[in-house]
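Keep in mind it's a predicted model, so treat the numbers as computed, not measured. All values below were derived from every heavy atom in this structure, side-chain atoms included, with hydrogens, water molecules and symmetry-related copies excluded. Whatever order the structure lists them in is the order used to number ligands and atoms, beginning at 1.
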Amino acid sequence: MKLKTKDLLTLNELGKSELLGIIDDAIKMKKDLKKGVSKPLLKNKTLAMIFQKPSTRTRVSFETGMFQLGGHALNLSADELQLKRGETIEDTAKTLSRYVDLIMARVYSHDELELLAKNSPVSVINGLSDSFHPCQILADLMTIKEKKKKLAGLKLAWIGDGNNVCSSMIYGCAKTGISISIATPKGYEPNPDVIKASSKLTEVKMSNHPETAVNGADIVVTDTFVSIHHQTTDRTNDFLPRFQVNSSLMKKANPSAIFMHCLPAKRGQEVTSEVIDGPQSVVWDEAENRLHAQKALMVALLRRV
Ligand code: CP
Ligand code: NVA
C-alpha cells in the first residue's frame, strides 16, 4: 500500500482503499510475525517519537514495530528537548527532519501537531492529540475485521465522552461503511465538523441514551471519562451512572457484540470489570494490534507516491 498523504493526523487523510489496504497489510504482517517471518522493510530508517504526555501502548508498539522492521526508534520526551527551553516547534521540526525518516508525536494541542507537520519534510504521525487518535482507530478497525470478518454494514455504538478517540473513530466508520451511534451526556458531543463530514458517508446517530445507541450494535466502544488533557477537571459525575458500560448495557447489544476500549481503562467508571475482563471483551487483541497496524502504516507512509 502506498499513500498520497504525507502525514496522518486525524485519519481523514486516508482514502477508503488506502485505509482498507493498511488494515489488510497489518493483518498479513501479524500472521507473518506469528510464523516467525519479519521482513526488514524499514532497514536503516529512523523514527523520532516525541512525547509531551505519558504512554504505554503507543510508545512500546512504535518502538517494537520499528525494531521488527529493521529500523530504529528514538524516544524523545518533550521535557528533554530544547522545546522545554523555548525552541519553537517549527525549528524542532526542521531539525529533526534532517536526521530521521519519520516523526510520531503525542501532543496536548492538535494545532502544535499541525505546525510540526507543516514544517517537517518527513511524514508526521499523530500519536494522540487533544482532538484525534488515528493510530488507535487503525488498530481498532483491524481488530473488528479480524473478529467480524468484515467492516461495511456493521453497527458500532460509542458510549461516553465524544473525545479525541471518538472523532477518529467517526472518520474510520465513515470510510469503512460502519454505521455509528454515539451516546454522550449533554455537552460532551463529538466535534460537529467531524460529524458533518462523516454523515455524508455513513449513518452517524447522536443521542444522550446509551440503551438506544447499543440496540443491535455489533461493537460497543468506550473510553475514559477523563482524558489526559482534561486531568484537572472532575467530569465523572456527568457520566455516572448512566454512561458506564456494564453487563446490563451489553445485554441490550447484539448477543455476539464485542467490547472495545483503547486503554488505559478505569474499572468501575466507564466500564465494569465484568465487561472489560469478560468474554465479549477484545481489548488485549486491540492493544496488540497497535503494533501491527502501525507497522503497516509506517511502511505505507515511507512508500508514499
Ligand atoms: N491507547 C493508547 O494510546 O495507550 P497509551 O496512552 O498507553 O499509549
Ligand atoms: N482519550 C484518552 C485516550 C488515551 C489513549 C486520552 O486522550 O487521554
Contact check: Ser227 vs ligand 2, nitrogen or oxygen atoms, below 3.5 angstrom: yes
Residue Leu128 vicinity, atoms of ligand 2 by number, heavy atom under 4.0 Å: 7 (O)
Those atoms of ligand 1 less than 4.0 Å from some heavy atom in Thr56: 5 (P), 7 (O), 8 (O)
Enumerated ligand 2 atoms positioned under 4.0 Å from heavy atoms of Leu263: 5 (C)
Region of Thr58 that comes within reach of ligand 2 [heavy atoms, distance under 4.0 Å]: neither
Atoms of ligand 2, numbered as shown, that sit under 4.0 Å from any heavy atom of Asn164: 1 (N), 6 (C), 7 (O)
Parallel, tilted or perpendicular: rings of Tyr188 and Phe239 (30°, 60°): tilted
Proximal atoms of ligand 2 relative to Asn163 (non-hydrogen, under 4.0 Å): 1 (N)
Ligand-side contact atoms (ligand 1) for residue partner Cys262, heavy atom cut-off under 4.0 Å: 1 (N)
Winner among Arg106, Gln136, His133, Glu286 once heavy atoms are compared against atom 6 (O) of ligand 1: Arg106
Common cluster, Val122/Tyr99, ILVMFWY with side-chain heavy-atom separation under 4.5 Å: yes
Ser131 and Asn164: side chain donor to acceptor below 3.5 Å: no
Residue part near ligand 1, for Leu128, under 4.0 Å between non-hydrogen atoms: neither
Option set Val226, Thr56, Asp223, criterion heavy-atom distance to atom 1 (N) of ligand 2, minimum: Asp223
Salt bridge flag under 4.0 Å for residues Asp32 and Lys28: yes
Contact with ligand 1 for Lys53, non-hydrogen, under 4.0 angstrom: no
Residue portion contacting ligand 1 (non-hydrogen atoms closer than 4.0 Å) for Arg59: neither
Minimum heavy-atom distance Leu113-Ser129, with the two atoms named: CD2-CB, 4.4 Å
Side-chain donor-acceptor contact under 3.5 Å, Gln52 with Arg106: no
Shared hydrophobic cluster, Leu8 / Leu20 (ILVMFWY, side-chain heavy atoms < 4.5 Å): yes
Atoms in ligand 2 with a heavy atom of Ile228 nearer than 4.0 Å: 6 (C), 7 (O), 8 (O)
Side chain proximity check, His72 to Phe67, heavy atoms < 4.5 angstrom: no
